[in-house]
Colleague: 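Below is a structure I'd like to ask you about.
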Amino acid sequence: MRVFSNIEELRHTLDALKRQGRTVGLVPTMGYLHAGHMQLVTRARAENDIVVVSIFVNPLQFGPAEDLGKYPRDLERDGAMLKQAGVNFLFAPGVEDMYPRPMETVVDVPDLGRELEGAVRPGHFAGVATVVSKLFNIVQPQTAYFGEKDYQQVVIIKRMVEDLAVPVRVIAVPTVRDSDGLALSSRNVYLSPDERRAAVIVPQTLDEAERLVSEGLTDAGELEKKLTAFIGRQPLAKAEVVAVRDASTLAPVARIEDPIVVALFISIGTTRLLDNRVIRSQSAGDNNIVRNNRMTGQSGKGVTK
């Protein structure tokens with residue numbers, strides 16, 4: 001595995017390989033890797049000749065009171081994991097490499113970006129879209145891989161790719177979970193032992209949502225109220241976002257008929273945890289079909305999550 005921090009050196013190396021007909025897959029990350037990231041790498045490795053993993057803690061997507069300074073970092077550990085997994089290139093730029101001068105250009109998907117997580121983290125998704133757009137321009141992969149845990153992020157990136165005609169196929173890979181159902185996240189290391197035990201309320205809330213829908217609940221507003229009350233049983237948890245939305249567009253829904261996504265953004269202590277689940281009513285058919293056709297983008301129709 002070769003490690004790059006310089007944009008032009010990476011670009012020059014990749015250009016030579018692409019002229020030989022090699023396909024390139026990109027896995028963008030902020031590092032402190034876990035099994036969820038490695039699942040993205042495994043998928044990229046299976047589908048491409050060359051795999052590039054980027055590690056960059058992007059300051060543009062952090063608010064002034066957020067955890068940029070304490071976000072976990074361990075490049076040596078991450079590099080060893082990626083080398084063992086057969087990654088070809090690690091792109092690990094510094095802030096000065098990515099942003100040698102203050103950015104004047106911003107890529108934004110404003111309507112989608114100010115919903116849900118974006119409502120409580122203003123500007124976050126503009127930072128995400130900007131850095132992903134820049135990574136796409138640097139690496140110019142055929143395919144890029146993202147985790148389904150960040151459902152809204154995937155919808156936004158797919159919409160950006162469609163709107164700007166970026167020649168990258170965006171693939172969403174299913175969430176990897178711990179034995180008690182908690183989605184793996186780099187931020188899980190912030191949780192104290194008591195908070196880690198309390199965090200199981202997040203996947204339990206998604207289980208409760210699926211149970212309620214399977215029993216016939218079709219009022220989206222009522223489902224949100226019931227889930228908020230369910231979270232309230234855990235004294236260490238604070239529900240910042242509990243939303244039932246259209247699974248393809250993230251538009252609000254009144255009635256659960258088409259596939260919906262239950263999106264959660266829950267604080268456990270000072271740690272914010274994201275999770276989601278795509279659910280459809282019994283009359284709508286198999287939930288797995290929704291995930292395969294909409295979330296992974298295999299239909300080839302842009303934002304079809």
Colleague: Going by the rule ring-ring contact (aromatic ring centres under 6.0 Å, His included), which residues pair with Phe146 if we only count those two or more places apart in sequence or in a different chain?
Modeller: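 Listed in chain order: nothing, the list is empty.
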Colleague: Which value, rounded to the nearest 0.5 Å, describes the distance between Asp219 atom CG and Arg255 atom CZ?
Modeller: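 Reported value, rounded in 0.5 Å steps: 8.5 Å.
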Colleague: Checking Ser5 now: which residues fulfil side-chain hydrogen bond (donor to acceptor under 3.5 Å, both in side chains) with it, not counting sequence neighbours?
Modeller: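 Applying side-chain hydrogen bond (donor to acceptor under 3.5 Å, both in side chains) to Ser5 gives none.
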Colleague: Applying the 4.5 Å side-chain criterion to the ILVMFWY set and letting contacts propagate, would Leu191 and Val200 be lumped into a single cluster?
Modeller: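 Hydrophobic grouping puts Leu191 apart from Val200.
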Colleague: Give a yes or no answer on whether the side chain of Glu117 reaches the backbone of Val241 with a donor-acceptor pair at less than 3.5 Å.
Modeller: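 Side chain of Glu117 to backbone of Val241, a donor-acceptor pair under 3.5 Å: no, none is there.
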Colleague: Would you call Asp178 and Arg196 a salt bridge, taking side-chain N to carboxylate O under 4.0 Å as the test?
Modeller: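 Salt bridge flag = yes for Arg196 with Asp178.
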Colleague: Is a salt bridge present between Asp194 and Arg197, judged by a nitrogen-to-oxygen distance below 4.0 Å?
Modeller: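 A salt bridge links Asp194 with Arg197.
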Colleague: Would Leu26 and Ser54 satisfy side-chain contact (heavy atoms from CB on, under 4.5 Å), going step by step from the backbone distance to the final call?
Modeller: CA-CA 8 Å; Leu26 171 65; Ser54 64; 4.3 Å; yes
Colleague: State, with a plain yes or no, whether a side-chain heavy atom of Leu274 is found less than 4.5 Å away from one of Leu264.
Modeller: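 No, every pair of side-chain atoms sits at 4.5 Å or beyond.
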Colleague: Is there side-chain contact between Gln152 and Leu112, with at least one heavy-atom pair below 4.5 Å?
Modeller: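 Side chain of Gln152 against side chain of Leu112, heavy atoms only: no contact under 4.5 Å found.
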Colleague: Which hydrophobic side chains are connected to Phe62, either touching it within the sub-4.5 Å cutoff or through other members that do?
Modeller: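 Met30, Tyr32, Val57, Leu68, Tyr71, Val189, Tyr190, all in the cluster of Phe62.
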Colleague: Quick one: side-chain hydrogen bond (donor to acceptor under 3.5 Å, both in side chains) partners of Gln142, sequence neighbours excluded?
Modeller: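 Applying side-chain hydrogen bond (donor to acceptor under 3.5 Å, both in side chains) to Gln142 gives none.
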Colleague: What do the steps show when you test Asp275 against Tyr151 for side-chain contact (heavy atoms from CB on, under 4.5 Å), and what is the final call?
Modeller: CA-CA 8 Å; Asp275 211 343; Tyr151 194 99; over 6 Å; no
Colleague: Could you give the distance from CG (Leu75) to CG (Leu90), rounded to the nearest 0.5 Å?
Modeller: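 Answer for the CG-CG pair, Leu75 versus Leu90, is 6.0 Å.
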Colleague: Which atom pair, heavy atoms only, marks the closest approach of Pro203 to Gly181?
Modeller: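 Closest pair (atom of Pro203, atom of Gly181, distance): CB-O, 3.4 Å.
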Colleague: Do you know which two heavy atoms are closest between Val244 and Glu224, and how far apart they sit?
Modeller: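 Where Val244 meets Glu224 most closely, the heavy atoms are N-OE2, 2.8 Å.
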Colleague: Roughly how far apart are Met1 CE and Met81 CE, rounded to 0.5 Å?
Modeller: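 Going from the CE atom of Met1 to the CE atom of Met81 covers 11.5 Å.
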Colleague: So, using side-chain hydrogen bond (donor to acceptor under 3.5 Å, both in side chains) as the criterion, who are the partners of Asn58 when residues are at least two apart?
Modeller: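 Partners of Asn58 by the side-chain hydrogen bond (donor to acceptor under 3.5 Å, both in side chains) criterion, ordered by chain and then number, come out as Gln61, Tyr99.
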Colleague: Atom CG of Leu236 and atom CD1 of Ile268: how far apart are they, to the nearest 0.5 Å?
Modeller: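 CD1 of Ile268 is found 7.0 Å from CG of Leu236.
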Colleague: Decide yes or no for Phe136 and Val161: does some side-chain heavy atom of the first lie under 4.5 Å from some side-chain heavy atom of the second?
Modeller: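 Side chain of Phe136 against side chain of Val161, heavy atoms only: contact under 4.5 Å found.
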Colleague: Below 4.0 angstrom, N of the basic side chain to O of the carboxylate: do Arg272 and Glu66 qualify?
Modeller: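 Salt bridge present between Arg272 and Glu66.
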Colleague: May I have the step-by-step check of side-chain contact (heavy atoms from CB on, under 4.5 Å) for Asn276 and Leu206, ending in yes or no?
Modeller: CA-CA 7 Å; Asn276 64 80; Leu206 297 175; 5.5 Å; no
Colleague: Grouping I, L, V, M, F, W and Y whenever their side-chain heavy atoms are under 4.5 Å apart, do Val155 and Val120 come out in a common cluster?
Modeller: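 Val155 clusters together with Val120.
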Colleague: Between Glu115 and Arg245, does any side-chain N to carboxylate O distance fall below 4.0 Å?
Modeller: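 Salt bridge flag = yes for Arg245 with Glu115.
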Colleague: Does His12 use its side chain to pair, donor to acceptor, with the backbone of Glu9 at less than 3.5 Å?
Modeller: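 Not a single qualifying donor-acceptor pair exists.
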Colleague: Does anything in residues 77-90 form a side chain to side chain donor-acceptor pair (under 3.5 Å)? List the pairs, not counting sequence neighbours.
Modeller: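 Counting only pairs at least two positions apart or across chains, the side chain to side chain donor-acceptor pair (under 3.5 Å) contacts touching residues 77-90 are Arg45-Asn88.
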Colleague: For residues His37 and Ser186, determine if any side-chain heavy atom of one lies less than 4.5 Å from a side-chain heavy atom of the other.
Modeller: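 Of all side-chain heavy-atom pairs linking Ser186 with His37, at least one is under 4.5 Å.
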Colleague: Taking it one step at a time, do Asn48 and Thr143 satisfy side-chain contact (heavy atoms from CB on, under 4.5 Å)?
Modeller: CA-CA 8 Å; Asn48 300 273; Thr143 313; 3.9 Å; yes
Colleague: Residues in side-chain hydrogen bond (donor to acceptor under 3.5 Å, both in side chains) with Asp97, at least two apart?
Modeller: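 Expected list: none.
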Colleague: Which heavy atom in Ala209 sits nearest to a heavy atom in Leu223, and how many Å separate them?
Modeller: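 Heavy-atom minimum between the residues: CA-CD1, 4.2 Å.
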Colleague: Can you tell me how far CE of Met38 sits from CG of Leu184, rounded to the nearest 0.5 angstrom?
Modeller: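 One gets 12.5 Å once the value is rounded to the nearest 0.5 Å.
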Colleague: Looking at Leu182, is its backbone amide N or carbonyl O close enough to the side chain of Asp180 to form a donor-acceptor pair, meaning the two atoms are under 3.5 Å apart?
Modeller: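 Answer holds: yes.
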Colleague: Do the non-hydrogen side-chain atoms of Ile55 and Phe91 ever get within less than 4.5 Å of each other?
Modeller: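 Result no, sub-4.5 Å side-chain heavy-atom pair not found.
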Colleague: Which atom pairs, one a donor and one an acceptor, fall under 3.5 Å between side chains of residues 125-132 and the rest of the protein, sequence neighbours left out?
Modeller:
from: Thr130; atom 1: OG1; to: Val107; atom 2: N; distance (Å): 2.9
from: Thr130; atom 1: OG1; to: Val107; atom 2: O; distance (Å): 3.3
from: Thr130; atom 1: OG1; to: Ala126; atom 2: O; distance (Å): 2.7

Colleague: May I ask you to decide whether Lys158 forms a salt bridge with Asp163, counting only side-chain N to carboxylate O separations under 4.0 Å?
Modeller: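 Between Asp163 and Lys158 there is no salt bridge, as every charged N stays at least 4.0 Å from the carboxylate O atoms.
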Colleague: Okay, side chain of Lys149, backbone of Ala183: is any donor-acceptor separation there less than 3.5 Å?
Modeller: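 Not a single qualifying donor-acceptor pair exists.
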Colleague: Considering residues at least two apart in sequence or located in another chain, which fulfil the ring-ring contact (aromatic ring centres under 6.0 Å, His included) criterion with His124?
Modeller: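 So His124 forms no ring-ring contact (aromatic ring centres under 6.0 Å, His included) with any residue.
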Colleague: Would a hydrophobic clustering, with Ile, Leu, Val, Met, Phe, Trp and Tyr connected at side-chain separations under 4.5 Å, put Met103 with Leu164?
Modeller: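 In one cluster with Met103: Leu164, yes.
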Colleague: With sequence neighbours excluded, give me every side chain to side chain donor-acceptor pair (under 3.5 Å) pair touching residues 199-209.
Modeller: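 Found Asp207-Arg277, Glu208-Arg211.
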Colleague: Are any of the side-chain heavy atoms of Arg169 and Ile171 separated by less than 4.5 Å?
Modeller: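 Yes, close enough: below the 4.5 Å cut-off.
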Colleague: Are side-chain heavy atoms of Val27 and Val52 found at a separation under 4.5 Å?
Modeller: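 They are not in side-chain contact.
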Colleague: Between Phe89 and Leu14, is there a side-chain heavy-atom distance shorter than 4.5 Å?
Modeller: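 They are in contact (side-chain heavy atoms under 4.5 Å apart), so the answer is yes.
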Colleague: Write out all pairs satisfying side chain to side chain donor-acceptor pair (under 3.5 Å) with one or both partners inside residues 14-30, taking only residues at least two apart or from two chains.
Modeller: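 Residue pairs with at least one partner in residues 14-30: Thr23-Asp49.
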Colleague: Nearest 0.5 angstrom please: Leu250 CG to Ile156 CD1, how far?
Modeller: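 Going from the CG atom of Leu250 to the CD1 atom of Ile156 covers 7.5 Å.
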Colleague: Where the side chain of Tyr145 meets the backbone of Pro28, is there a donor-acceptor pair that is under 3.5 Å apart?
Modeller: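 No, the answer is negative, given that no donor and acceptor are paired below the 3.5 Å cut-off.
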Colleague: When clusters are formed by joining ILVMFWY residues with side-chain heavy atoms under 4.5 Å apart, either directly or through shared neighbours, do Val3 and Val41 land in the same one?
Modeller: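 Per the 4.5 Å side-chain linkage, Val3 and Val41 are co-clustered.
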Colleague: For Thr271 and Arg187, which I'm curious about, is there any donor-acceptor pair between the side chains at under 3.5 Å?
Modeller: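 The criterion, which ignores hydrogens and geometry beyond distance, is not satisfied for Arg187 and Thr271.
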Colleague: Can you run down the salt bridge (Lys or Arg N to Asp or Glu O under 4.0 Å) pairs that involve residues 24-39, sequence neighbours left out, and say none if there aren't any?
Modeller: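 As it turns out, there is no salt bridge (Lys or Arg N to Asp or Glu O under 4.0 Å) pair with a partner in residues 24-39 once direct neighbours are skipped.
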Colleague: Between the side chain of Ser192 and the main-chain N/O of Glu195, is any donor-acceptor distance below 3.5 Å?
Modeller: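 Checked: pair present.
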Colleague: Asp246 side chain to Thr249 main-chain N or O, any donor-acceptor pair under 3.5 Å?
Modeller: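 Present.
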